[in-house]
Amino acid sequence: MYIALTRAVPRSIVNCELTHLDRQPIDWARASAQHEAYEAALRSLGAEVVQLPADERHPDSVFIEDTAVILDACAVITRPGAETRRGETAAVAEALSAHLPLYHIEAPGTLDGGDVLRVDKRLFIGRSTRTNVDGARQLADVASQYGFTCTTVDVRDCLHLKTAVSALPDGKLLMDPRRIDATAFGGAPRLVIDEDELVGANVLVVGDAVLAPAAAPRTRALLARSGYDVRALDGSELAKAEGGLTCSALLLQRP
Ligand code: CIR
């Protein structure tokens, strides 16, 4: 049902960008093993995983989500907010061009895919330290041609919009309202993560399954009690690079 585009973990991940966390040693072998388990989980849910080779020149290139936004009938190649990440997009554009027509965010716009939350035909676009007003507007211009309604959301105390809010399989939101302007979502139904589990708000939805961080047991219990099919995944090593579970894949619906 899905093609999941991923990218192997480079050894240079130890030099990743950091915004909200202090640098801690990252064990490449452990990060790679967790990434392989992540890919295995995607396969077990019916996805075909297509892995791009590691790119040592770009320490954050495993976080492929930030390089493109998939909108069913097209993809938008981003212009990442961190200059060190701009060179990541070329290989992703080449891989995606086999599947979809491409649009590109142009300077002075910046946009990271981690700032784009899709709920059916709505896009919520985070304004963060990575995504600026011009980048958000360029994405909205493309997306509106494909029938999407776009709303911008201020991101306060986290890297990306999706660090603090995810959409569950039924469209309900899972969020940490302390770190974003939650009023932008109006009265949309929501679940609030456990307040001590900052990583709990970023979950990866594949069909009806919700892949949630092993490090957020209370949020997982809340999801299970609410009737979701929750699977725990350990992403602790890449979390030291400020990556959550959505960051390491781009999901394309198979035609
Ligand atoms: C960065 O700062 O760009 C990387 N160290 C982490 C990117 C995580 N990506 C995401 O949340 N979508």
Side-chain angles (χ1 to χ4, degrees), residues 4-28 31-32 34-35 38 42 52 54-70 75-89 92 105 110-118 123-132 135-136 139 153 155-167 174-176 179-180 193 198-206 211-213 215-216 233 235-251:
L5 203 61
T6 65
R7 198 159 198 185
V9 184
R11 287 177 187 270
S12 59
I13 183 83
V14 295
N15 298 318
C16 65
E17 291 282 339
L18 287 173
T19 309
H20 295 275
L21 295 182
D22 291 333
R23 196 167 295 280
Q24 301 177 56
I26 296 177
D27 181 333
W28 173 81
S32 289
Q34 289 178 357
H35 191 253
Y38 174 88
L42 291 171
L52 302 186
D55 176 358
E56 291 296 341
R57 293 164 310 153
H58 294 104
D60 285 300
S61 49
V62 63
F63 301 122
I64 194 168
E65 170 183 54
D66 293 319
T67 60
V69 177
I70 311 293
V76 179
I77 304 299
T78 67
R79 182 167 179 270
E83 245 183 278
T84 57
R85 301 200 58 189
R86 302 234 167 106
E88 293 175 25
T89 56
V92 178
I105 301 295
T110 62
L111 181 88
D112 277 15
D115 277 319
V116 185
L117 175 70
R118 177 174 175 178
L123 292 188
F124 293 94
I125 308 172
R127 277 196 305 230
S128 68
T129 57
R130 298 294 175 85
T131 296
N132 66 17
L139 175 62
V153 186
V155 174
R156 287 193 284 262
D157 293 322
C158 54
L159 184 60
H160 290 125
L161 178 65
K162 280 191 286 190
T163 315
V165 56
S166 301
L174 174 69
M175 69 162 70
D176 178 358
R179 293 183 288 163
I180 50 172
I193 62 161
L198 284 186
V199 295
N202 181 268
V203 298
L204 179 63
V205 168
V206 184
L211 300 175
L233 261 189
S236 53
E237 212 54 33
L238 289 178
K240 296 176 187 171
E242 294 186 24
L245 293 181
T246 60
C247 312
S248 298
L250 283 170
L251 296 181

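Start at 1 and go down the list; that is how both ligands and their atoms are numbered. Just so you know, these numbers come straight off a predicted model, no measurement behind them.
By the 3.5 Å distance cut-off applied to N or O atoms, Thr19 is not counted among the residues near ligand 1. Residue-to-ligand polar distances place Asp66 within reach of ligand 1: an N/O pair is separated by less than 3.5 Å.
Below 4.0 Å from some heavy atom of Gly114 lie the following atoms of ligand 1, by number and element: 12 (N). The ligand atoms of ligand 1 that sit less than 4.0 angstrom from a heavy atom of Glu65 are 10 (C), 12 (N).
In terms of modelled atom types and a separation under 3.5 Å, the side chain of Glu242 and the main chain of Leu159 share no donor-acceptor contact. The backbone N or O of Lys240 sits nowhere less than 3.5 Å from a side-chain atom of Gln24 that would complete a donor-acceptor pair. Although no hydrogens or angles enter the test, the distance criterion places no donor-acceptor pair under 3.5 Å between the side chain of Arg79 and the main chain of Gly135.
Ranking protein heavy atoms by distance to atom 4 (C) of ligand 1, first place goes to Asp60 OD1, 3.1 Å. Remark: minimum distance from atom 10 (C) of ligand 1 to any protein heavy atom is reached at Cys247 SG, 2.7 Å. Scanning the protein heavy atoms around atom 8 (C) of ligand 1, the nearest turns out to be Glu242 O, 3.3 Å.
Contact between Ala241 and ligand 1 is present, with at least one heavy atom of the residue lying under 4.0 Å from the ligand. For the ligand labelled ligand 1, residue Arg130 lies inside the 4.0 Å heavy-atom shell.
For the residue pair Thr67 / Glu88, no side-chain donor-acceptor distance below 3.5 Å is found, with atom types taken as modelled. A donor-acceptor pair shorter than 3.5 Å can be found between the side chains of Asp115 and Thr131.
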For Trp28 and Val9: C-alpha separation, side-chain torsions, deciding distance, then whether side chain to side chain contact (heavy atoms under 4.5 Å, CB included) applies. CA-CA 8 Å; Trp28 173 81; Val9 184; 3.9 Å; yes
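Contacts of Glu17 with ligand 1, taken as heavy-atom pairs under 4.0 Å, involve both backbone and side chain. Contacts of Leu159 with ligand 1, taken as heavy-atom pairs under 4.0 Å, involve the side chain alone.
For the salt bridge (charged side-chain N to carboxylate O under 4.0 Å, His left out) test, no residue two or more places apart in sequence or in another chain qualifies with Arg86.
Closest approach of Ile105 to Leu139, counting heavy atoms only: CD1-N, 3.9 Å.
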